[in-house]
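Keep in mind that the numbers below use all heavy atoms, side chains included, and drop hydrogens, waters and symmetry copies. Small disclaimer: the values here were computed from a predicted structure and weren't measured. Below, chain A is the first sequence line, B the second, and so on; all start at residue 1.
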Amino acid sequence: MSLPLRHPHTTPATAAEAEAIQLGLRRHTVLDGSGPAPGAPGTVAGVDVAYDDGRDLVAAAAVALDAVTLEVVDRATAVGPVAFPYVPGLLAFRELPAVLDALGRLRRTPDLVVCDGYGIAHPRRFGLASHLGVLTGLPTIGVAKNPFTFRHQPPAPHRGAFTPLLDGDTEVGRALRTRDGVKPVFVSPGHRVTLDGACAHALDLATHYRLPETTRQADRLCRQALSAA
DNA sequence: GCGACAG
DNA sequence: ATCTTGTCGC
């Protein structure tokens, strides 16, 4: 089976073409909070990919968790050839083909998807999570391990503290502390989620570790799928 | 022009 | 992302 897409998924031949596609899709971004409320029942999926440059392979994983208990309820993987090179700002074109494949193999469509990367915290306000959200119509957020090119002050040392992630004067995301005294994560909305909502979801999903349980599970599974391929 | 730059 | 052992600490 596969996921119905609201917009065609395309693999561009050049970076310039990719930027044009990106700008076209960007107009469909919605940040109205029509996605699930934090704490609401349902499923949350984490997606991630791993690469084997030597074999030109990419492996993606989608792991669905119960949004309330954080128990794993479903998992799926997809392995295929790498379709696009790594270009900062164009990561979606490299990761999404395999991710869409894996997501489509879940038994049930998740109510929220958590990406390992950015949503609107992006040089053109359209990162990986934004791209995935617009293509599928699903609510998405991005939780990254690094601040990319954006400025921020360190948040207070306690869990839940945050500071704005700034692109000039615009708050495009937040540096959010998910554990006391541990390096923050960098959260931004992708699609159908507000910035406040994205942070609340990230905090709910990262209770025991720095990273959301969704990304931890997906990271483990895609590495496993790659080594098994 | 060069470097930096999510994964 | 990936190449990679042990080690310190809760």
Side-chain angles (χ1 to χ4, degrees), chain A residues 11-12 15 18-19 22 25-26 29 46-63 77-103 113-134 140-152 157-159 165-168 170 172-176 178-191 195 198 202 207-212 214-227 229:
Chain A
T11 295
E19 288 183 26
Q22 197 169 66
L25 291 172
R26 180 177 68 172
T29 302
V47 293
D48 195 14
V49 304
Y51 301 98
D52 183 332
D53 291 329
R55 289 187 296 165
D56 193 49
L57 282 183
V58 54
V63 179
T77 61
V79 180
V82 177
F84 197 81
Y86 171 65
V87 182
L90 298 176
L91 189 60
F93 296 94
R94 179 169 171 84
E95 305 220 331
L96 288 195
V99 165
L100 291 167
D101 194 347
L103 265 180
V113 182
V114 181
C115 295
D116 190 7
Y118 284 119
I120 62 170
H122 178 274
R124 288 175 294 272
R125 301 287 191 278
F126 201 73
L128 172 62
S130 309
H131 200 134
L132 179 62
V134 167
T140 61
I141 67 172
V143 180
K145 304 178 200 69
N146 302 290
F148 201 9
T149 59
F150 304 106
R151 302 184 302 104
H152 72 282
H158 62 275
R159 168 178 157 86
L165 200 55
L166 296 172
D167 186 4
T170 308
V172 293
R174 285 177 187 157
L176 173 68
T178 54
R179 296 200 67 190
D180 291 359
V182 174
K183 174 180 173 170
V185 296
F186 303 88
V187 181
S188 55
H191 189 56
L195 179 55
T207 52
H208 197 189
Y209 300 95
R210 176 171 86 111
L211 295 177
T214 36
T215 56
R216 301 186 72 251
Q217 293 287 344
D219 180 79
R220 214 162 51 75
L221 184 56
C222 70
R223 290 177 198 251
Q224 176 186 312
L226 186 63
S227 55

Touch class at under 4.0 angstrom, heavy-atom based, for Arg223(A) against every strand present: sugar-phosphate
Val82(A) side chain reached by Leu57(A) side chain, heavy atoms, under 4.5 Å: no
Base-contact (B) and sugar-phosphate-only (S) positions in nucleotides 2-7 of chain B, heavy-atom cut-off under 4.0 Å, - elsewhere: ---BBB
Protein-to-nucleotide contact annotation, 5' to 3' order, nucleotides 4-10 of chain C [B base; S sugar-phosphate only; - none; under 4.0 Å, heavy atom]: -------
Separation between CG of Leu176(A) and NE2 of His152(A), rounded to the nearest 0.5 Å: 11.5 Å
Lys145(A)/Asp116(A) salt bridge by N-O under 4.0 Å criterion: yes
Aromatic Tyr51(A) / basic Arg94(A) pairing, under 6.0 angstrom, 45° off normal: yes
Donor-acceptor contact present, side-chain Gln22(A) to main-chain Gly89(A), <3.5 Å: yes
Euclidean distance, Arg179(A) CZ relative to His158(A) NE2, rounded to 0.5 Å: 15.0 Å
Watson-Crick and G-U pairing of DNA chain B, under 3.5 Å, as dot-bracket with | and [ ]: .......
Note, Leu165(A) side chain near Phe186(A) side chain (heavy atom, < 4.5 Å): yes
Residue pair Phe126(A) / Thr29(A), side-chain heavy-atom distance below 4.5 Å: yes
Heavy-atom side-chain contact between Leu132(A) and Leu96(A) under 4.5 Å: yes
Ring geometry between Phe148(A) and Tyr118(A) (parallel below 30°, tilted from 30 to 60°, perpendicular above 60°): parallel
